[in-house]
Visitor: 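The following block contains the structure, expressed as structure tokens.
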Amino acid sequence: DQAVGPYYDRLLEWTDKQNNYLVCLGDELYPSCLKEIYCPPPLLYLQGQISAFDIDSIAVVGSRRPTLSGQKHAALFSRQLAELGYCITSGLAIGVDSYAHRGALDAQGVSCAVLGSGLESIYPKQNKKLAMEIQEQGILISELALDVSALPANFPRRNRIISGLSKATLVIEAGLKS
């Protein structure tokens with residue numbers, strides 16, 4: 001057997017690690033709700049607890065520069081929803097996303113972070129520790145190759161996955177263009 005290339009070798013090594021998954025649209029592990037969105041991702045890179053897909057999810061999203069009140073509301077709503085058994089899904093961004101993930105984790109709940117970068121290029125870098133905590137209690141998701149950097153065009157793609165995974169979306173302090 002000859003390796004197809006360095007990325008293939010790296011991908012095999014990555015998927016050999018515990019709780020790392022590469023799933024295709026037709027795979028049994030592929031989240032069924034994502035199959036229903038427009039243009040579902042053909043591949044998903046997953047890292048963490050695959051059981052996160054077994055519970056209903058609510059997206060909590062909003063401003064990257066929330067007010068103090070917005071920060072508190074994002075964390076409080078997320079904590080309370082997690083205590084009720086919901087998975088809190090957001091985008092790992094600075095601001096509301098970070099407070100939403102933190103609220104769910106503080107309640108010992110499940111959180112799902114959908115990235116606009118590859119799973120080995122966590123963005124923003126200051127949320128790398130938060131991402132590590134999320135994969136312990138929930139799951140990290142990306143449709144982008146492991147080493148893809150965050151680019152502006154990646155975020156609308158990420159957002160369709162967030163909405164596709166979620167039964168409802170709670171928006172906290174979003175601007176008009178958001």
Side-chain angles (χ1 to χ4, degrees), residues 7 11 14 20-25 30-49 52-53 56-67 70-71 73-75 77-78 81-82 86-105 110-135 137-178:
Y7 186 74
L11 193 56
W14 185 81
N20 286 357
Y21 307 89
L22 177 63
V23 297
C24 299
L25 184 59
Y30 195 96
S32 59
C33 53
L34 274 186
K35 293 177 183 179
E36 298 174 22
I37 68 171
Y38 172 76
C39 194
L43 285 174
L44 289 175
Y45 297 82
L46 309 172
Q47 191 170 42
Q49 310 307 312
F53 296 131
D56 287 338
S57 172
I58 295 181
V60 180
V61 296
S63 174
R64 294 197 176 163
R65 293 190 182 116
T67 63
Q71 295 169 16
H73 283 106
F77 281 124
S78 297
L81 289 166
Y86 290 99
C87 173
I88 302 303
T89 299
S90 200
L92 197 67
I94 296 296
V96 167
D97 291 15
S98 297
Y99 288 98
H101 291 303
R102 173 61 48 214
L105 296 174
V110 177
S111 193
C112 171
V114 183
L115 281 66
S117 64
L119 295 183
E120 291 189 344
S121 297
I122 299 295
Y123 178 84
K125 292 204 181 298
Q126 56 263 52
N127 277 353
K128 191 167 185 142
K129 182 177 183 268
L130 179 59
M132 300 287 281
E133 292 178 55
I134 291 169
Q135 71 176 332
Q137 288 176 227
I139 196 158
L140 303 176
I141 302 173
S142 180
E143 69 176 313
L144 304 167
L146 295 173
D147 57 354
V148 171
S149 299
L151 297 171
N154 297 348
F155 295 99
R157 293 172 61 187
R158 173 201 69 179
N159 292 346
R160 86 183 194 295
I161 296 172
I162 292 171
S163 68
L165 289 169
S166 305
K167 297 284 185 188
T169 300
L170 175 59
V171 180
I172 299 185
E173 291 188 350
L176 290 176
K177 293 182 180 181
S178 180

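Bear in mind that the values here come from a model prediction, so they are computed numbers and not experimental data.
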Visitor: Less than 4.5 Å apart, any side-chain heavy atom of Y45 and any of L144?
Guide: no
Visitor: Going by distance alone, is a donor N or O of one side chain under 3.5 Å from an acceptor N or O of the other, for S117 and N154?
Guide: no
Visitor: How about Y86: does its OH atom have over 12 heavy atoms from other parts shown lying under 6.0 Å from it?
Guide: no
Visitor: Over all heavy atoms of both residues, which pair between V60 and D97 is shortest? Give the atoms and the distance, please.
Guide: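 Reported closest heavy-atom pair: O-OD1, 4.1 Å.
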Visitor: Just by modelled atom types, is the G70 backbone N or O under 3.5 Å from a matching donor or acceptor in the T67 side chain?
Guide: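 Judged by distance alone, yes, a pair lies under 3.5 Å.
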Visitor: Taking all atoms of both residues into account, what is the closest heavy-atom pair of L22 and W14, and its distance?
Guide: N-CZ3, 4.4 Å
Visitor: Taking the side chain from S90 and the backbone from A100, do they hold a donor-acceptor pair closer than 3.5 Å?
Guide: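 No; judged by distance alone, with no hydrogens or angles, the pair does not exist.
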Visitor: State, to 0.1 Å, how close L165 and P31 come at their nearest heavy-atom pair, and which atoms those are.
Guide: CD2-CB, 4.0 Å
Visitor: Given I94, which of S63, P66, P124 fulfils the side chain to side chain contact (heavy atoms under 4.5 Å, CB included) condition?
Guide: P124
Visitor: Report the distance from atom CZ of F155 to atom CZ of R160, rounding to the nearest 0.5 Å.
Guide: 14.0 Å
Visitor: As a quick check of understanding, evaluate side-chain contact (heavy atoms from CB on, under 4.5 Å) for I161 and N159, giving each step before the final call.
Guide: CA-CA 5 Å; I161 296 172; N159 292 346; over 6 Å; no
Visitor: SG of C24 to OH of Y30: how many Å apart, nearest 0.5 Å?
Guide: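 Nearest 0.5 Å value for the SG-OH distance: 9.5 Å.
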Visitor: Where is the tightest heavy-atom contact between E143 and P41, given as atom of each residue plus distance?
Guide: OE1-CB, 3.5 Å
Visitor: The test is side chain to side chain donor-acceptor pair (under 3.5 Å); show your working for T89 and S57 and say whether it passes.
Guide: CA-CA 6 Å; T89 299; S57 172; 2.4 Å; yes
Visitor: Indicate the atoms forming the closest heavy-atom contact of V96 with G62, along with that distance.
Guide: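 That would be CG1-N, 3.6 Å.
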Visitor: What's the spacing between I134 CD1 and L92 CG if we round to 0.5 Å?
Guide: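 Output value for this atom pair is 5.0 Å.
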Visitor: Can you tell me which residue among L115, L146, L119 is in a side chain to side chain contact (heavy atoms under 4.5 Å, CB included) with Q47?
Guide: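 Passing option: L119.
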Visitor: Let me confirm one number: the SG-CD1 distance from C112 to I88, rounded to the nearest 0.5 Å.
Guide: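 One gets 10.5 Å once the value is rounded to the nearest 0.5 Å.
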Visitor: Quick check on K35: does its NZ atom have over 12 non-hydrogen neighbours (other residues, nucleotides or ligands) under 6.0 Å away?
Guide: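 Yes, the 6.0 Å shell around NZ holds more than 12 heavy atoms from other groups.
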Visitor: Does S98 reach the side chain of L130, with side-chain heavy atoms less than 4.5 Å apart?
Guide: yes
Visitor: Out of the candidates E133, R102, Q137, H101, only one should pair with S111 under the side-chain hydrogen bond (donor to acceptor under 3.5 Å, both in side chains) rule; please name it.
Guide: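 Exactly one pass, corresponding to H101.
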Visitor: Got a second to check how far L81's CG is from F77's CZ, nearest 0.5 Å?
Guide: 8.0 Å
Visitor: Restricting to non-hydrogen atoms, name the atom on R158 and the atom on V114 that form the minimum distance, rounded to 0.1 Å.
Guide: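 It is CD-O, 2.9 Å.
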Visitor: At what distance, to the nearest 0.5 angstrom, does OH of Y123 lie from NZ of K128?
Guide: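 With rounding to 0.5 Å, OH (Y123) is 15.0 Å from NZ (K128).
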